[in-house]
Amino acid sequence: MGLKDKLTELKENALKEINTAEDLKKINSIRVNLLGKKGPITEVLRGMRDLPKEERPNVGSFANKVRDELTSAIAERKERIEIIKISKRLEEEKIDVTLPGVPVKAGQPHIIMQVIDQIEKLFLGMGYQVVDGPEVEEDHYNFEMMNLPKDHPARDMQDTFYITDKLLMRTQTSPVQARTMEKHDFSKGPLKMISPGKVYRRDTDDATHSHQFHQIEGLVIDKNITMADLKGTLQLIARTVFGEEREIRLRPSYFPFTEPSVEVDVSCFKCNGQGCSVCKNTGWIEVLGAGMVHPNVLKMSGIDADIYGGFAFGLGPDRFAMLKYGVDDIREFYLNDVRFLKQFSQRG
Ligand code: DAH
């Protein structure tokens, strides 16, 4: 067989091998074997020594052509393998958008916060400001400015965590009344505020007591404020939280910082006033305390009680939530058991 035939046969075989190579490793080893110094093409070229001189250029250029063809066949195959590799990977990494997703666990506001938010929204809509006060409070604001001087018997109504003689954990949100009144500039308009927050009492925790719970304080001071304004406001709270059909009733009571003072009952939302276990067969449920701000409280905060007057109220979001959702143990709110809390998801 002549050298040209040898080269042609070699080319055919090599092309077959190149075009069936499956990976880069294989194609590289083919390249090294075929075109390297010890490869078959070099071998054939070496055989040219035995050819007559005039045939050498012809065979030589044929051999170069064969080498070029094989070199480009190898390059093409390499490219092809790369493409196959990429499309295989794309195929493998394809996302099946029809697969069900992994559920995302999202949190939600605590049930007490939901009640507070609802009442905040109601009052913000009526132009009240929402005010914060310190939980570590001065005796001065918590008691004295609320018309509860030292040794006043009504101090016993609230067992107090004292930090020092003068500092305590606030037992009520009422001190925010005094703090706000002191700063208020009546030339800019009436004072209308609510103040939600945590309060503390030295109680032993049980189903209806917690050493820490929540209150929302409300206060309006202006000229010509009457008890009718108070009653309308309280009715709005009752209807917003417990339903449109609710009625309220006021019973005389005592708080040192209001005169007159009232205890507020709401008609039972469970039995509509017929009598049931929730309202203890009375048709009414006690929900909050309120009254007309005591002149002493106004005076101590630097307000002229002959010109200005107003009403105040204090309610317990914990109690509201217990009543509304039939929770019979206040401690549930503070244990933070997710199984309990997620019952009040707003996402349905
Ligand atoms: N501070 C009272 C308490 O903790 C609740 C209260 C009652 C607040 C009547 C008021 C009010 O502003 O007018 O028991």
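Start at 1 and go down the list; that is how both ligands and their atoms are numbered. Only heavy atoms go into these numbers, but all of them, side chains included; no hydrogens, no water, no symmetry mates. All of these numbers come straight from a predicted model, not from anything done at the bench.
Between Gln215 and Thr173, the side chains place a donor N or O and an acceptor N or O closer than 3.5 Å (distance only, hydrogens not considered). Defined by atom type and a distance below 3.5 Å, a donor-acceptor pair is present between the side-chain atoms of Ser267 and Arg246.
Taking any N or O of Thr171, backbone or side chain, none lies under 3.5 Å from an N or O belonging to ligand 1. An N or O contact shorter than 3.5 Å links Ala312 to ligand 1 by distance.
Using a 4.0 Å cut-off between heavy atoms, Phe311 makes no contact with ligand 1 at all. Contacts between Ser174 and ligand 1, counted as non-hydrogen atom pairs separated by less than 4.0 Å, involve the side chain only.
Summary of contacts: the protein heavy atom closest to atom 12 (O) of ligand 1 is Glu217 OE2, 2.6 Å. Summary of contacts: the protein heavy atom closest to atom 11 (C) of ligand 1 is Phe257 CE1, 3.5 Å. Among protein heavy atoms, atom 5 (C) of ligand 1 sits closest to Gly314 CA, 4.1 Å.
When ring centroids are compared, Phe320 and Phe242 come within the 6.0 Å threshold. Taking the six-membered ring where the residue is Trp, the centroids of Tyr141 and Phe257 are separated by 6.0 Å or more.
Here salt bridge (charged side-chain N to carboxylate O under 4.0 Å, His left out) pairs that include residues 314-330, with residues two or more places apart or in two chains, are Asp329-Arg331.
Under the 3.5 Å distance criterion, the side-chain polar atoms of Glu43 are left unmatched by any main-chain donor or acceptor of Lys38.
Ligand 1 lies within reach of Arg201, whose nearest heavy atom is under 4.0 Å from it. Taking 4.0 Å as the cut-off, Gln177 counts as a neighbour of ligand 1 on heavy-atom distance.
Listed by chain and residue number, nothing satisfies the side-chain contact (heavy atoms from CB on, under 4.5 Å) test with Thr204 (two or more places apart in sequence, or in another chain).
With ligand atoms numbered from 1 in the order given, ligand 1 contributes 9 (C), 11 (C), 13 (O) to contacts under 4.0 Å with heavy atoms of Ala290.
In summary, Lys166 and Asp139 do not engage in a salt bridge, as defined by a charged side-chain N under 4.0 Å from a carboxylate O.
Among Met292, Gln172, Glu263, Glu259, the residue whose heavy atom lies closest to atom 2 (C) of ligand 1 is Gln172.
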